[in-house]
Enquirer: 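One structure, pasted below without further comment.
Here the structure is a predicted model, which is why all the values come from computation and not from measurement.
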Number of protein chains: 2
Amino acid sequence: MADKLTSQEALNLWHQALLSSVRGEGPDLSARQMALFLQVYLAPAPHTVRGLAETLQISKPAVVRALDTLGRLDFTRRKRDQSDKRNVLIQRTVKGSVFLSEFADWVVAASDTL
Amino acid sequence: MADKLTSQEALNLWHQALLSSVRGEGPDLSARQMALFLQVYLAPAPHTVRGLAETLQISKPAVVRALDTLGRLDFTRRKRDQSDKRNVLIQRTVKGSVFLSEFADWVVAASDTL
DNA sequence: CGCGTTCGCTTCGGTGCCGGAATGATCAAA
DNA sequence: TTTGATCATTCCGGCACCGAAGCGAACGCG
């Protein structure tokens, strides 16, 4: 378990990790897109458009568009819920897991420099 | 000084802090915009367009546009360098400092939940 | 002086993304 | 079987943003 971060440490951590991400070849995700991506991967399934919109407190069209973008990147995938065909379930992908793992490494590396 | 974070802790930290940010009233900054913002506030001055483009490894027009956006938000300000009038120096603002402080609180709060 | 270099900025055509409202599909209850 | 609720998605007008290329202003060296 990590110690409590000071504000200064928190900002330096964010700064260094973000620099690694921006300098890389990866996509330039907005805060909303990244939050949605992390929600899908770190919170327990199932994930629906409506549920994500409520959790993130953003509009449904914003969720749909973020899923379009993440889908284009092959970071998430849509699947119709067969037990209620109105729903769309958001699923993880191998490529998304790889990116997430890489991102985690950047944050860990940034925390080492504190 | 904080302990080394595990990958899992790093991702949870990012997730929770980002949720706070997205749910708030603040702007939806891209990774590039946030990295540029933090660079101006956490790295030693002076900051120029060209210098920021090199540090972040993004194009100069991308820096100009990010500065337009951050300027609209009153998070940064442009100032002509009087000793070399080709340069523009990027400066901090009170409103930017306030946002940064709020953001730091979100990260610290997220680190408490690990 | 010129004259090439270095600034930040703008232009260009094209894409991404915004929220509110409307759309079509699906469901459950009457 | 109609009817109304509940899904995700699309439509709309409008703004932000992309990199490559080109701009004028400002510099410094011969």
Enquirer: Are Val88(B) and Val64(B) connected in the hydrophobic side-chain network, where two residues link if heavy atoms are under 4.5 Å apart?
Expert: yes
Enquirer: How long is the straight-line distance from OG1 of Thr69(B) back to CZ of Arg32(B), given to the nearest 0.5 Å?
Expert: 12.5 Å
Enquirer: Applying ring-ring contact (aromatic ring centres under 6.0 Å, His included), which residue pairs with at least one partner in residues 44-64 of chain A are found, sequence neighbours left out?
Expert: none
Enquirer: Between Phe99(B) and Phe37(B), is the gap from one ring center to the other below 6.0 Å?
Expert: yes
Enquirer: Counting only heavy atoms and a strict 4.0 angstrom limit, can you tell me which residues of residues 36-73 of chain B come near DNA chain C?
Expert: Thr48(B), Val49(B), Arg50(B), Lys60(B), Pro61(B), Val64(B)
Enquirer: Measuring from His15(B):NE2 to Met34(A):CE, what's the distance to the nearest 0.5 Å?
Expert: 10.0 Å
Enquirer: Would the distance check show the side chain of Arg80(A) and the main-chain N or O of Lys85(A) forming a donor-acceptor pair, the cut-off being under 3.5 Å?
Expert: yes
Enquirer: Quick one, which residues of residues 78-93 of chain B touch DNA chain C with a heavy atom under 4.0 Å?
Expert: Arg78(B), Arg86(B), Asn87(B), Val88(B)
Enquirer: Just by modelled atom types, is the Leu73(B) backbone N or O under 3.5 Å from a matching donor or acceptor in the Lys95(B) side chain?
Expert: yes
Enquirer: Decide whether Trp106(A) and Ile58(B) are clustered together by the hydrophobic rule: side chain heavy atoms of Ile, Leu, Val, Met, Phe, Trp, Tyr closer than 4.5 Å, transitively.
Expert: yes
Enquirer: For Gln33(B) and dC17(C), what is the distance between atoms CD and C1' respectively, to the nearest whole Å?
Expert: 12 Å
